[in-house]
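A short worksheet on the structure shown next.
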Amino acid sequence: MTELPERRLMLVHAHPDDESINNGATMARYTAEGAHVTLVTCTLGERGEVIPPELRHLSGPALGGHRLGELREAMAALGVTDFRLLGGAGRYSDSGMMGLPDNDDPGCFWQADVDQAAGLLAEVVLDVRPQVLVTYDDNGGYGHPDHIQAHRVATRAVELAAGRGWDVPKVYWNRIPRSVAEEAFARLERDLHALPFDKSASVQDVPGVVDDGRITTAVDGTAYAGAKAAAMRAHATQITVADQPYFVLSNELAQPLFTTEYYELVRGERPAGREDDLFAGVATGAAS
Ligand SMILES: [Zn+2]
């Protein structure tokens, strides 16, 4: 394989837009600092609800193709050149929300054989040899079938790759500390009158919120706030971003846009204090 930079970060996500919302500042920061950043997205989000009225005619594969274009634009904003669709574009389709008949579609990601999908992801892990892999917790952060499946597939891929020559030293789950979420929503309540949005979401609507004690790592991406906002704006079918650091999804409920991004280390030695770098403590060396 071609030689990659010493530090290599891989992120596994369910749909185009999840990476920018959860990790946009982290991805922009590590790319700018010379690390190799690889994004693997599992579906094209073909069942996503479309916000702009002029694009609402898009659905299924046509929406998937459009969202792939949005993903490309988002990656350009973050400086990420290595982004891949698990098994190739269209291999797995969006499963829709839990409990819907969409989940029974044999081509949807929720119905995928975990070992088979993990085998495809393990190939990418063996190709890139990341020291750090980021994904969701076992509830997918908020219970969406594709997010739960992304967690299962990523977890299994790490096991498979470990048996085949690359033991990923650190695995993290996307998190937001409860105190940070509560403060941000209090600020949002005060700012709401000045925003182009009518209603606020609440802490319970935000994926991955946990007690502060579980947070092992905070990545300060303040300097990359503009890149993160631009990447989120690129996903225009899914997200509307205000001038201030707030955004809405298709439910039109305002949420804070976080530029410090938080993580819980679940593989690798838990640090004594809170880390400020996903690569803290890992031995780096050029992959060859
Ligand atoms: Zn998603």
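Just follow the structure's listing: the first ligand is 1, and inside any ligand the first atom is 1.
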(request) For the pair Arg178 and Asp212, find out whether any cationic side-chain nitrogen is under 4.0 Å from an anionic carboxylate oxygen. (result) no
(message) Quick check for you: with the Zn ion (ligand 1) as the vertex, what angle do OD1 of Asp18 and NE2 of His147 span, to 10°?
(response) 100°
(request) Taking the Zn ion (ligand 1) as the reference point, name the nearest N/O/S atom of His15. (result) ND1
(message) With a cut-off of 2.8 Å, does Asp146 put an N/O/S atom close enough to the Zn ion (ligand 1)?
(response) no
(message) Check Glu275 with Lys170, please: is the shortest side-chain N to carboxylate O separation under 4.0 Å?
(response) yes
(message) Could you check whether Asp105 pairs with Arg47 (Lys NZ or Arg NE/NH1/NH2 to Asp/Glu carboxylate O, under 4.0 Å)?
(response) yes
(message) Check this for me: does any side-chain nitrogen of one of Glu123 and Arg164 sit under 4.0 Å from a carboxylate oxygen of the other?
(response) yes
